[in-house]
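Here is the structure we will look at, set down as structure tokens.
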Amino acid sequence: LLKAQKQNDQAQIDENTKQLTKNTGDVDTRCVGVNTSLFVQSGATVPEVTTTTIATTTNAEPTTTEDSQATDTASSDDETTFEFEDVDITTQNVDGKGALAAAGKICTNDDSPATLEAKRRAAEDAETSVFNAALANATGDAKKAIQCQKDRNKVFKNFCQLLKAQKQNDQAQIDENTKQLTKNTGDVDTRCVGVNTSLFV
């Protein structure tokens, strides 16, 4: 939310505000009378979770939010950063399912949550500075091509965040990213058909 406020991203501000209302309510409801001796301690090993296979035919309801809402950053003691060229799947000639597979080759179960977040953040930054900026001035076939790239980039972002959420056992975020990926892969299947790849940014 603070990040969105600094960037004057009203849509993200609204989404985080809504999510925080839900989150604080969940804490009020679910934390009553819990046995604190069973809390996972800092530094404890989190069980490995197998990557969820996301199919474009899933029955999950499409979300009304275009982007996933989490914007947490990597831990302060992890300085890992990635350039967009390290994580770019947007120019690959793939449909929604292929975009998931491409994302899975870059964001893997071997990555730490901090590394997954750093990779996701590289794609997030590119969406803002590259794709959104280009779409603002594009028309016709160029706009269709850039939108296709943006949709593939969203698949990548949400897949990496899904893996991170699985490693952290964050069920709410897992559910959110699963819904997002359903929408994102469907958008790729719809919007990337027949685009002029010479117009990619």
Side-chain angles (χ1 to χ4, degrees), residues 1-9 11-13 15-16 19-20 23 40 42-54 63 65-92 94 96 98-134 146 149-181 183-185 187-188 200-201:
L1 175 60
L2 289 180
K3 175 184 175 184
Q5 289 174 329
K6 287 179 179 292
Q7 296 177 331
N8 293 320
D9 185 344
Q12 190 67 53
I13 290 170
E15 177 63 23
N16 287 122
Q19 290 293 330
L20 282 168
N23 300 153
V40 177
S42 176
T45 302
V46 178
E48 184 73 10
V49 182
T50 303
T51 304
T52 302
T53 300
I54 307 295
T63 181
T65 306
E66 190 173 0
D67 295 315
S68 58
Q69 76 277 11
T71 57
D72 51 318
T73 59
S75 59
S76 59
D77 60 349
D78 191 305
E79 299 299 327
T80 302
T81 58
F82 293 89
E83 298 297 326
F84 182 57
E85 63 186 21
D86 298 323
V87 302
D88 183 12
I89 69 167
T90 68
T91 60
Q92 296 187 31
V94 291
L100 278 175
K105 293 178 181 179
I106 300 173
C107 284
T108 73
N109 263 330
D110 292 333
D111 290 335
S112 69
T115 297
L116 291 168
E117 172 62 19
K119 291 177 179 180
R120 186 204 69 81
R121 195 165 58 248
E124 178 73 37
D125 291 344
E127 179 171 318
T128 301
S129 62
V130 178
F131 300 124
N132 287 350
I146 299 165
Q149 287 184 277
K150 181 177 177 178
D151 291 333
R152 287 174 179 156
N153 195 51
K154 286 182 181 296
V155 172
F156 178 83
K157 288 194 311 174
N158 281 299
F159 181 83
C160 295
Q161 194 170 56
L162 174 61
L163 285 188
K164 176 185 173 185
Q166 288 175 331
K167 287 177 175 289
Q168 296 177 327
N169 293 324
D170 184 344
Q171 189 60 50
Q173 191 65 53
I174 290 170
D175 293 343
E176 177 66 19
N177 288 122
T178 300
K179 287 196 301 180
Q180 291 291 338
L181 283 167
K183 178 182 185 301
N184 301 152
T185 52
D187 286 343
V188 170
F200 281 168
V201 292

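Nothing fancy with the numbering, it's 1 onward along the sequence. Just so it is clear, the structure is predicted and the values come from calculations on it, not from any experiment.
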(request) Applying side-chain contact (heavy atoms from CB on, under 4.5 Å), run through Asn153 and Phe131 and close with a yes or a no. (result) CA-CA 9 Å; Asn153 195 51; Phe131 300 124; 3.9 Å; yes

(message) Tell me the closest heavy-atom pair linking Thr91 and Asp88, and the distance in Å.
(response) N-OD1, 4.2 Å

(message) Is the shortest side-chain heavy-atom distance between Asn184 and Phe159 below 4.5 Å?
(response) no

(message) Quick check for you: to the nearest 0.5 Å, what is the distance between Asp187 atom CG and Arg152 atom CZ?
(response) 12.5 Å

(request) Report the residue from Thr185, Asn158, Leu162 that forms a side-chain contact (heavy atoms from CB on, under 4.5 Å) with Gln180. (result) Asn158

(message) For the backbone of Val201 and the side chain of Gln149, can you confirm whether one donor and one acceptor N or O come within less than 3.5 Å of each other?
(response) yes

(message) Would you compute the distance between atom OG1 of Thr115 and atom CG of Leu163 and round it to the nearest 0.5 angstrom?
(response) 12.0 Å

(request) Drop me the distance from Glu117's CD to Gln168's CD, to the nearest 0.5 angstrom. (result) 9.0 Å

(request) List the atom of Asn132, the atom of Lys150, and the distance in Å for their closest heavy-atom pair. (result) OD1-NZ, 2.8 Å

(request) Kindly indicate whether the side chain of Gln161, heavy atoms from C-beta on, has any atom under 4.5 Å from the side chain of Gln173. (result) yes

(message) Is it the case that over 12 heavy atoms from other parts of the model lie below 6.0 angstrom from the CD atom of Glu83?
(response) no

(request) Measure from the side-chain N and O atoms of Lys154 to the backbone N and O of Val188, and report whether any donor-acceptor pair falls under 3.5 Å. (result) no

(request) Output yes when a side-chain donor or acceptor of Lys119 lies under 3.5 Å from a complementary backbone atom of Ile106, and no otherwise. (result) yes

(request) Could you tell me which non-hydrogen atom of Thr80 sits nearest to which non-hydrogen atom of Phe82, and how far apart they are? (result) CG2-CE1, 3.2 Å

(request) Determine yes or no for a side-chain-to-main-chain donor-acceptor pair under 3.5 angstrom, with Asp125 supplying the side chain and Ala122 the backbone. (result) no

(request) Using a 4.5 Å cut-off on heavy atoms from C-beta on, say whether the side chain of Val87 contacts that of Phe156. (result) yes

(message) If we ignore hydrogens and angles and just use 3.5 Å, is the side chain of Arg120 paired with the main-chain N or O of Cys107 as donor and acceptor?
(response) no

(request) Heavy atoms only: give me the nearest Ala99-Val94 pair and the separation to one decimal. (result) N-CG2, 3.7 Å

